[in-house]
2 protein chains.
Amino acid sequence: MASPTIRDVAREAGVSTATVSYVLNNSRRVGEETRRKVIEAAMRLGYRANITARNLQASETRLLGYSWRPTPPDQFNPILDQFLNAIAQAAAHHEYHILTFPAETIEEELAIYQDMVLTGQVDGFILSNTNLNDERVRTLLKMEFPFVAFGRSNPEWDFAWVDVDGKEGTAMAVRHLVQQGYRRIAHLAWPEDSLTGQYRLGGYQAAMEEAGLGVDPAWIVRTENRHDDAYRRTRGLLELPRQRRPDAVVASSDLMAIGAINAALDAGIEVGKELAVVGFDDAPVARYLRPPLTTLRQPITEIGERLITMLVALCQGRRVDDPHVLLPPQLVVRASSGAG
Amino acid sequence: MASPTIRDVAREAGVSTATVSYVLNNSRRVGEETRRKVIEAAMRLGYRANITARNLQASETRLLGYSWRPTPPDQFNPILDQFLNAIAQAAAHHEYHILTFPAETIEEELAIYQDMVLTGQVDGFILSNTNLNDERVRTLLKMEFPFVAFGRSNPEWDFAWVDVDGKEGTAMAVRHLVQQGYRRIAHLAWPEDSLTGQYRLGGYQAAMEEAGLGVDPAWIVRTENRHDDAYRRTRGLLELPRQRRPDAVVASSDLMAIGAINAALDAGIEVGKELAVVGFDDAPVARYLRPPLTTLRQPITEIGERLITMLVALCQGRRVDDPHVLLPPQLVVRASSGAG
DNA sequence: TAGATGCAGTTAAACGTTTAAACAAATTGT
DNA sequence: ACAATTTGTTTAAACGTTTAACTGCATCTA
């Protein structure tokens with residue numbers, strides 16, 4: 001039952017525990033004969049060094065904490081699966097593991113961070129969905145504890161992050177729609193306090209201007225990231241007088257794009273012809289929608305790898321060369337934007 | 001920077017480290033005055049016991065491992081989000097945490113289990129998506145290492161599991177369809193080697209018999225859990241001669257149900273009237289499909305709680321009262337089955 | 001009054017590693 | 001040929017807890 005310890009191996013090989021450690025970690029010259037004896041003994045007993053003991057001695061945990069707020073039942077998190085996979089996979093390459101802990105509220109989350117830092121539960125944190133004035137960022141910066149973020153926050157705060165270039169993303173969407181012949185392009189934006197929403201709106205505005213297209217103020221619709229809000233507001237857009245009625249919608253998420261599609265369907269408007277719709281995220285279901293949804297895919301795997309590489313460096317006290325990484329999303333063209 | 005240790009607290013309070021430990025863990029009678037001094041000193045220094053040290057001494061990790069195979073890009077895992085939340089939340093209540101580690105292949109996964117057991121990385125495992133002759137179950141049973149499974153396996157293997165009653169689920173779906181007036185009900189089943197698929201098929205057959213409805217062999221279609229297969233095979237069903245053509249489909253998953261709906265749409269058949277469709281899982285997107293998808297919701301939160309309660313008991317060497325838990329799914333009726 | 005009992009605290013070992021320092025033996029340099 | 005260096009190994013401390021065993025001391029019991 002009980003696993004063999006380094007002492008058992010030492011006894012079996014007839015050497016000291018130090019020698020066993022040196023051999024197994026290759027951390028010092030050891031005689032050929034002794035090395036052989038140790039390795040054989042370790043093999044024979046099936047010995048593997050106990051991780052807790054090693055961690056205590058090294059005062060590290062090789063654990064990285066990741067927390068996310070549970071998704072409300074009427075929404076979905078299109079990338080959690082991929083993201084968790086990406087960071088766990090990347091962490092494994094550095095011999096780290098991911099510790100997950102969900103928190104219902106922001107206060108609870110902050111308390112857990114405090115706790116974990118003080119009790120030495122993890123070596124660092126991965127944040128996601130950061131926003132302006134993000135309390136988590138503020139707290140961790142103040143504690144000077146290693147962390148990285150998927151998402152940006154206040155520009156004056158100096159911390160390592162990776163983000164998707166949302167501005168470029170919506171700009172790509174608009175350019176694509178313009179190329180398809182659409183002109184009256186609306187934008188389903190997130191509330192003003194969302195930094196990500198600001199970037200995406202910015203890309204829309206920039207690309208519209210670049211294309212020499214005027215923007216009717218009614219075309220910029222701010223709603224929460226909810227299907228029903230997007231649905232309702234899109235119905236509103238479609239009821240605008242003919243001249244002002246949008247012929248395309250760039251949504252800030254696939255969830256909202258689905259709301260827009262459903263609104264058009266229920267209004268008897270053909271999606272992909274009379275109304276083009278573009279989403280954001282490339283949720284797994286996007287390709288199976290009718291019509292299949294044109295959307296912006298985030299390079300989740302690369303994001304995860306970059307984040308972990310930076311975080312591991314921070315945990316080991318190394319400097320991070322380039323702590324601000326902005327990656328472009330990829331436009332995945334499907335029928336909802338009139339192509340094909 | 002460095003956190004205070006129990007020695008710092010002891011010095012600050014003018015007592016021994018043992019006393020500090022006794023006070024903070026409430027594990028022994030301690031004088032009122034001394035207790036006060038210790039607590040104040042701990043407060044003053046912001047002391048929290050180091051978890052690694054505590055774990056080493058207790059020879060435990062308070063970590064539970066959970067692994068899942070990454071979802072292929074053309075599929076989706078409708079419940080990972082909820083499930084991870086449920087187990088992490090439940091674990092937290094017992095002061096445990098979830099360690100995630102994805103594995104690409106089954107061999108890799110088995111190797112990782114071995115590794116984690118031998119190095120004492122975790123106290124127990126949570127498996128999901130178990131099947132007949134599941135190598136993970138076999139391995140962990142042989143190692144006599146604590147684990148629980150979301151899903152069943154060979155009946156002769158004695159281990160703790162929680163599962164959704166798939167047989168009852170599809171039976172509920174069939175009864176509901178019969179009540180709605182459908183008679184020629186088909187079933188999109190999983191391959192024969194899928195235990196879960198067997199149960200779901202069994203429920204379909206039982207309920208059809210119970211309703212006194214004959215089953216045309218062509219109505220039982222076996223495919224992988226993929227949209228495109230379900231789509232293709234549903235097209236086939238819809239091309240059957242009028243008398244044999246199904247008027248309803250019970251799918252083994254929401255992903256397959258989406259394939260069926262799309263097949264009907266593309267064949268110009270109205271879903272929810274000419275063809276009813278029922279899915280399984282209640283994926284977050286199910287309610288936003290057109291028509292909204294009738295489906296069977298799994299009680300994920302309860303599953304997670306039950307699993308963790310059992311696993312924690314096993315980790316602490318306690319006996320589990322009822323190690324086999326079968327929970328009924330809940331039929332969520334929406335328009336795709338002709339209701340409303 | 002001597003012994004037993006209770007109480008409140010301390011000492012020291014233990015958990016299983018790693019690693020700096022010490023040591024003995026073999027090798028090198030002059 | 002003797003000191004200096006190198007090589008291979010061991011001893012012992014350290015990481016930060018918990019806890020069994022022990023020590024005084026006061027109180028009770030017969």
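Below, chains carry the letters A, B, ... as their sequence lines are ordered, and counting in each starts from 1.
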Mind calculating the distance between [atom1] ([X]) and [atom2] ([N]) to the nearest angstrom?
X      : N       : atom1 : atom2 : answer
R11(A) : dG16(C) : CZ    : C1'   : 13 Å
Y22(B) : dT17(D) : OH    : C1'   : 12 Å
N50(B) : dC15(C) : CG    : C1'   : 13 Å

Nearest of [options] to any side-chain atom of [X]?
X      : options                   : result
R7(A)  : dT18(C), dG16(C), dT17(D) : dG16(C)
Q57(B) : dT9(D), dT19(C), dT19(D)  : dT19(D)
A18(A) : dT10(D), dA14(D), dG8(D)  : dT10(D)
L56(A) : dT10(D), dG16(D), dA12(D) : dG16(D)

May I ask you to evaluate whether Y47(A) reaches the phosphate of dT17(C), defined as a side-chain N or O under 4.0 Å from OP1 or OP2? yes
Taking any heavy-atom pair under 4.0 Å as a contact, classify [X]: base, sugar-phosphate, or nothing.
X      : answer
S21(A) : base
T5(A)  : sugar-phosphate
N25(A) : sugar-phosphate
R35(B) : nothing

Closer to the 5' end of DNA chain C via nearest nucleotide, is it R54(A) or A58(B)? A58(B)
Under a 3.5 Å threshold, yes or no: a donor from one side chain and an acceptor from the other, between D123(B) and T61(B)?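 Side-chain D/A pair, D123(B) to T61(B): present.
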We want to know whether R69(B) and N77(B) form a side-chain donor-acceptor pair, criterion being a heavy-atom distance below 3.5 angstrom. no
May I ask you to decide if R136(B)'s main-chain N or O and D134(B)'s side chain share a donor-acceptor pair within less than 3.5 Å?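 Confirmed, D134(B) side chain pairs with R136(B) backbone.
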Just wondering, do P284(A) and Q75(B) contact through their side chains at under 4.5 Å, heavy atoms? no
